[in-house]
There are 2 protein chains.
Amino acid sequence: MLTTMSTSLHHRAVEHLGARIVGGVLPAGHVMLAEQLEEELKVSRSVVREAVRVLQSLGLVETIKRVGIRVLPAHRWNPFDPLVIRWRLAGEGRGAQLRSLAELRSAVEPAAAELAAQNAPQKLRSELVDISLAMRDAGHAGDMPTFLELDIRFHALVLSGSGNEMFANLIGQVTETLTGRTVHGLMPAHPEEAALQWHMDVARAIADGDGEKAREAASNIMRETIADLSPSWEDQPRVFVPVERK
Amino acid sequence: MLTTMSTSLHHRAVEHLGARIVGGVLPAGHVMLAEQLEEELKVSRSVVREAVRVLQSLGLVETIKRVGIRVLPAHRWNPFDPLVIRWRLAGEGRGAQLRSLAELRSAVEPAAAELAAQNAPQKLRSELVDISLAMRDAGHAGDMPTFLELDIRFHALVLSGSGNEMFANLIGQVTETLTGRTVHGLMPAHPEEAALQWHMDVARAIADGDGEKAREAASNIMRETIADLSPSWEDQPRVFVPVERK
DNA sequence: TGACACCGATGTGTGCTGACATCAAAACTC
DNA sequence: GAGTTTTGATGTCAGCACACATCGGTGTCA
């Protein structure tokens, strides 16, 4: 009936609903009917049902017989799912999401650096040293695009080198944070000299297998990162997830 | 046509396929056809398609026109999804999964304790102190079931009290780790006196708003936990996720 | 007369099916 | 070998039957 389109109907439906739920347009408790969604999205039941099933697996909605499709409260969402994170970053939850990610990075990256010093393959260690030196040069030259690119790869290598697949999976989120910092002008024109040194320290320590030192240097980087980013989530209220008693 | 059943067909299909993929029965690159899955699971196209869509959102499979449904390599799976974690814990990836979770906990819990000391609501702080005392009593009495229950609630409260929803979301995984430790006999008959003291230290420090001290004490707990659990993942090879160049 | 239990109507999610559209791999033609 | 056609898989649609939670009416008993 319709002509060709770039993204599939399924993808569009998931995107449409997910963004509106996470974005706060559809509040928790809001009930939708499958039939109503068909009309709204101009798609058939299969598409709606498959999309709802995906959103259900993300914890965004639940389906109840005789009631409909109900939007779940935010604390039921899977905060580690890339889709949920993307929707939150695009909507009003942006500040809180950035803070969560920054705090997670602060916890994980030092641990990852320590593990990388113990476990990373040799090739990765030497590349890390090279990149830290290139970051210093790009930083001194004020070449921020190159610096950003190197920075992203640096942190990705540390996470990957930990040999922990959960840490490695955070690469995407870290990339988001790093690009966001530059895009939103929370980055100084020239990187701090200390930050450049800390990156070199991390690389050196990992190359030398000195886990303790790698963790320390990574902690320094994260402290500085938090300091740079914190203005973007000022006054964001914290949410305390209830602990359900069993 | 069919009679009633306890779990939905959709749920069964997701479970069946997910467990077999994560469990390694269906290796990466293996291609299935939707029609073939209908026969295998004795369900209709709708059920198969909705299940495949969910698995797709977990990164377990991809669908390619003219080819079929292809199993993706493990590094594409979402390692934070509760379903994936459960399947890994049930299958041959159990050791590696436990190590990943333990390392993640080691990184996150000290950070969560520090944040809780800064942000947690008063009520949560005092409950934490109460629980740490009850843990000491149960520990001295050798009442391990009660101790486990209190231990779980203790760590859940710390994660929740951090006010970081990503940390709070790890409650389920931590619970899994704690119960696993007792069930698999990796727990001493009486908890170590030092461990009991550390739990009280964490609670006290959070109650006093001393983030530094809370982090330190939580680190001690995690060091001990790792020492207790590490036998269960000895000789598990580490996997280094490739960092794709953009 | 009023309170309560029962029970059937109703509507909505669940599941099944046949048909057609779409698109990319593979086979074919020149 | 390049371009075209065929083919076979997923994508999408629409209609139907069924299970079942909810609601409201009806009957019974106090």
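Every value quoted in this text rests on a predicted model; they were computed, and no experiment measured them. By convention in this document, chain letters (A, B, ...) are assigned in the order of the sequence lines, proteins followed by strands, and residues within each chain are numbered from 1.
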The test is side chain to side chain donor-acceptor pair (under 3.5 Å); show your working for Trp87(A) and Glu15(A) and say whether it passes.
CA-CA 9 Å; Trp87(A) 290 325; Glu15(A) 205 62 33; 2.8 Å; yes
Between Leu33(B) (CG) and dG11(D) (P), how many Å, whole number?
12 Å
Between the base of dG15(C) and the side chain of Arg45(B), is there a donor-acceptor distance below 3.5 Å?
no
Please give, in whole Å, the distance from dC18(D) C1' to His10(B) NE2?
19 Å
Rounded to whole angstrom units, what separation is found between the CD atom of Glu35(B) and the C1' atom of dC16(C)?
15 Å
If you count every heavy atom of other residues, nucleotides or ligands that lies below 6.0 Å from Glu40(A) atom CD, does the total exceed 12?
yes
Is the number of heavy atoms from other residues, nucleotides or ligands within 6.0 Å of CZ (Arg76(B)) greater than 12?
no
Among the nucleotides dG15(C), dC13(D), dT10(D), which one has an atom lying closest to any side-chain atom of Ile69(B)?
dT10(D)
Below 4.0 angstrom from OP1 or OP2 of dT12(C), is there any side-chain N or O of Thr63(A)?
no
Between C1' of dG13(C) and CG of Leu37(A), the distance in whole Å:
13 Å
Rounded to the Å, how far apart are Glu50(A) CD and dT10(D) P?
12 Å
I'd like to know if Lys65(B) reaches the base of dT22(C) with its side chain such that a donor and an acceptor end up less than 3.5 angstrom apart.
yes
Report yes if some heavy atom in the side chain of Val22(A) is under 4.5 Å from a heavy atom in the side chain of Arg86(A); otherwise report no.
no
So, is Arg49(B) close to the dG11(D) phosphate, meaning a side-chain N or O under 4.0 Å from OP1 or OP2?
yes
Rounded to whole Å, please give me the gap between CG in Leu9(B) and P in dG15(C).
5 Å
For Arg53(B) and dG11(D), is the shortest distance between a side-chain N/O and OP1 or OP2 below 4.0 Å?
yes
Mind checking whether His199(A) and Phe147(A) have parallel, tilted or perpendicular rings, split at 30° and 60°?
perpendicular
Please state how far atom CD1 in Ile64(A) lies from atom P in dT22(D), giving the value in whole angstrom units.
8 Å
Does a distance-only test, which skips hydrogens and angles, find a donor-acceptor pair under 3.5 Å between the side chain of Arg66(B) and the base of dT7(D)?
yes
Between Ser44(A) and Val67(A), who's closer to the 5' end of DNA chain D by nearest nucleotide?
Ser44(A)
Given atom CD of Glu38(B) and atom P of dG11(D), what is their separation to the nearest angstrom?
13 Å
